Amino acid sequence: MPGPRVTGAERAALVGLIAGRARRLEAERSLDELAGLADAAGAQVVLRVLQERPKPDASTYLGSGKVATLAVSCAETGVDVVIFDNELTPAQLRQIEEKVGRKIIDRTQLILDIFARRAKTREGKLQVELAQLKYLLPRLVGAGDALSRLGGGIGTRGPGETKLETDRRRIRSRIHAVGEDIDQVRRRRSQLRERRHKASVPTVALVGYTNAGKTTLFNVLTRSDAETSNALFVTLDPLVRQLRLPDSRELLVSDTVGFIDRLPHALVAAFRATLEEVAAADLILHVIDAAAADRDRRMTAVQQVLEEVGAIDVPLVEIYNKCDELNPDERRRLQEQDPAALLVSALRREGIDELIETIASRLALDVRRVTFTFDPDAAADRERIARLYRHARVLVHEARDGRVSIVADVPRRLLARLDHA
């Protein structure tokens, strides 16, 4: 029997496929994740379907018999939208929709829809729109009346609302225009990074699977109040805040969009301007949900996106968050498996001091110990002394005969900006 209808929510069926060497447990976990995505899009999941077959059917993905069964189940449970856990071809979308008689969307379209809901800044909206348009363009080819199914709801936000009256030429024109706007964003970000580099301010980027607790950790480190939630893709627009280390040095911490397994390529491409912040960072903190049952799969998904945005060579520290949800045996096993692992709980502020010490030591790897002599009466020298205390680790400070002598471990990139004795 269908469950009670949640007011305003579309009733959704989730469909997954166990094909080839895929295992049922992996498919079920993937469907669980799809349920989280559906919830983030405002849907009420009332039906879950998993089909086993050697490979996807070219025309209906599931096979005609299973699609017929799906149509009956959708009718019985009052389903409004059927969400497939893989990307469907335009032909599969049309065939399934014709046989099931319900709106059909795939995983990619669902993720794009969530991003459209979450984007608040002009930059975020532009990036999501570009990804949606690139997804839509090949699906217009020969689609004909199939697009008339889109009357509203999940999968139709953003540019989807106008796709019926938008032909391919206009979409290509819009893609070009949005792309140019995003190029301007990229140039602005590049200029800001260059300024930070000249000021010798180190940057640390937080990355991780969606809902790993990055923003909670970001708030703890920077004493900020960015929005957090136990939901997927809450952080979409990048945040950059200052962090002062115990030795008074300052650095910048950026929080980025959460990654996800099979993150649509169009989204990675569209968000490249934002993700370049990660590639240009001095240190990456990979925030991992230590309590996730499929932790290894999520870590692999993050590594794949880092490779795609050219950040694979940036020094990286793995941080296992939510360790308060592990029992003592699980914590011990994790530590034995990865002796370098940092175990923290951002929510309970556990392990944060050790994390900050690790950040400080990792950022101090590329340093030289130098002795500086300054005239404390000269404004320029007073400014250099202040810069040393902000960005270097001062070991000795002596004042003698009207001069100041300082011994400090200095980041090499700062040396060119300071005169030393």
Side-chain angles (χ1 to χ4, degrees), residues 189 193 196-197 200-222 235 238-243 245 249-263 267-268 271-292 294-323 331 334-346 350-367 391 411-413:
R189 285 192 177 281
R193 282 196 299 269
R196 293 200 298 260
H197 184 75
S200 301
V201 181
T203 57
V204 175
L206 294 177
V207 303
Y209 208 78
T210 186
N211 204 26
K214 294 188 314 305
T215 303
T216 302
L217 184 59
F218 175 84
N219 286 342
V220 171
L221 289 173
T222 63
T235 302
L239 302 167
V240 180
R241 297 287 187 273
Q242 192 179 74
L243 165 63
L245 295 173
R249 279 183 298 160
E250 296 169 353
L251 55 88
L252 292 175
V253 181
S254 65
D255 189 13
T256 58
V257 61
F259 301 162
I260 195 167
D261 194 20
R262 289 172 285 155
L263 188 66
L267 265 180
V268 175
F271 275 79
R272 192 168 296 278
T274 300
L275 295 174
E276 280 173 358
E277 290 288 320
V278 178
D282 296 282
L283 183 66
I284 292 174
L285 304 183
H286 178 185
V287 184
I288 301 158
D289 182 348
D294 54 349
R295 185 177 64 213
D296 291 345
R297 178 186 67 82
R298 297 182 179 201
M299 291 170 69
T300 300
V302 171
Q303 286 295 326
Q304 287 172 346
V305 177
L306 289 177
E307 286 181 24
E308 193 164 352
V309 299
I312 203 67
D313 293 326
V314 180
L316 182 142
V317 175
E318 290 183 338
I319 300 160
Y320 291 84
N321 190 29
K322 305 188 184 182
C323 283
R331 290 179 74 124
L334 180 55
Q335 202 76 70
E336 289 172 352
Q337 174 188 324
D338 185 1
L342 279 173
L343 275 55
V344 309
S345 169
E350 294 175 12
I352 301 302
D353 290 344
E354 184 184 0
L355 169 58
I356 291 175
E357 286 174 10
T358 300
I359 294 171
S361 64
R362 289 298 296 269
L363 289 174
L365 286 177
D366 191 23
V367 298
H391 303 304
R412 290 184 186 275
R413 63 181 181 173

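Just so we're clear, the structure is a prediction, and the values are computed from it rather than from any experiment.
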Nearest heavy-atom pair of Ala279 and Gly310: which atoms, and what distance? CB-O, 3.8 Å
Could you grab the distance from atom CD of Glu318 to atom CD1 of Ile288, nearest 0.5 Å is fine? 4.5 Å
Residue pairs meeting side-chain hydrogen bond (donor to acceptor under 3.5 Å, both in side chains), one or both in residues 297-313, sequence neighbours left out, come to Glu33-Arg297, Tyr209-Arg297, Asp261-Arg297, His265-Glu308, Asp294-Arg297, Asp294-Arg298
Would you name the heavy atoms of Cys323 and Ala290 that are closest together and state the gap between them? SG-CB, 3.9 Å
Work out which heavy atom in Thr216 is nearest to a heavy atom in Ala346; give both atom names and the distance. CG2-CB, 3.7 Å
Ala291: side chain to side chain contact (heavy atoms under 4.5 Å, CB included) partners, not counting sequence neighbours: Asp289, Glu325, Leu326
How close do Ser345 and Asn321 get, counting heavy atoms only, and between which atoms? CA-OD1, 3.6 Å
Less than 4.5 Å apart, side chain to side chain, heavy atoms only: is that true for Leu217 and Leu355? yes
If the condition is side chain to side chain donor-acceptor pair (under 3.5 Å), which residues does Thr358 pass it with, not counting sequence neighbours? none
What's the verdict on side chain to side chain contact (heavy atoms under 4.5 Å, CB included) for Leu363 and Val204, showing C-alpha distance, side-chain angles and the deciding distance? CA-CA 9 Å; Leu363 289 174; Val204 175; 4.0 Å; yes
Pick out which of Val220, Asp255, Leu206 makes a side chain to side chain contact (heavy atoms under 4.5 Å, CB included) with Thr215. Asp255
One pair to check against side chain to side chain contact (heavy atoms under 4.5 Å, CB included): Ile359 and Leu285. What are the steps and the verdict? CA-CA 9 Å; Ile359 294 171; Leu285 304 183; 3.8 Å; yes
For Thr222, what residues pass the side chain to side chain donor-acceptor pair (under 3.5 Å) criterion, not counting sequence neighbours? Ser224
Does Val278 form a side chain to side chain contact (heavy atoms under 4.5 Å, CB included) with Val314? I'd like the steps, not just the answer. CA-CA 8 Å; Val278 178; Val314 180; over 6 Å; no
Across all chains, not counting sequence neighbours, the side chain to side chain contact (heavy atoms under 4.5 Å, CB included) partners of Glu357 are none
Shortest non-hydrogen contact between Arg331 and Leu343, atoms and distance: O-CD2, 4.0 Å
Identify which one of Asp282, Leu243, Leu252, Val253 satisfies the side chain to side chain contact (heavy atoms under 4.5 Å, CB included) criterion when paired with Pro202. Asp282
With rounding to the nearest 0.5 angstrom, report the NZ to CZ distance, Lys214 to Phe259. 8.0 Å
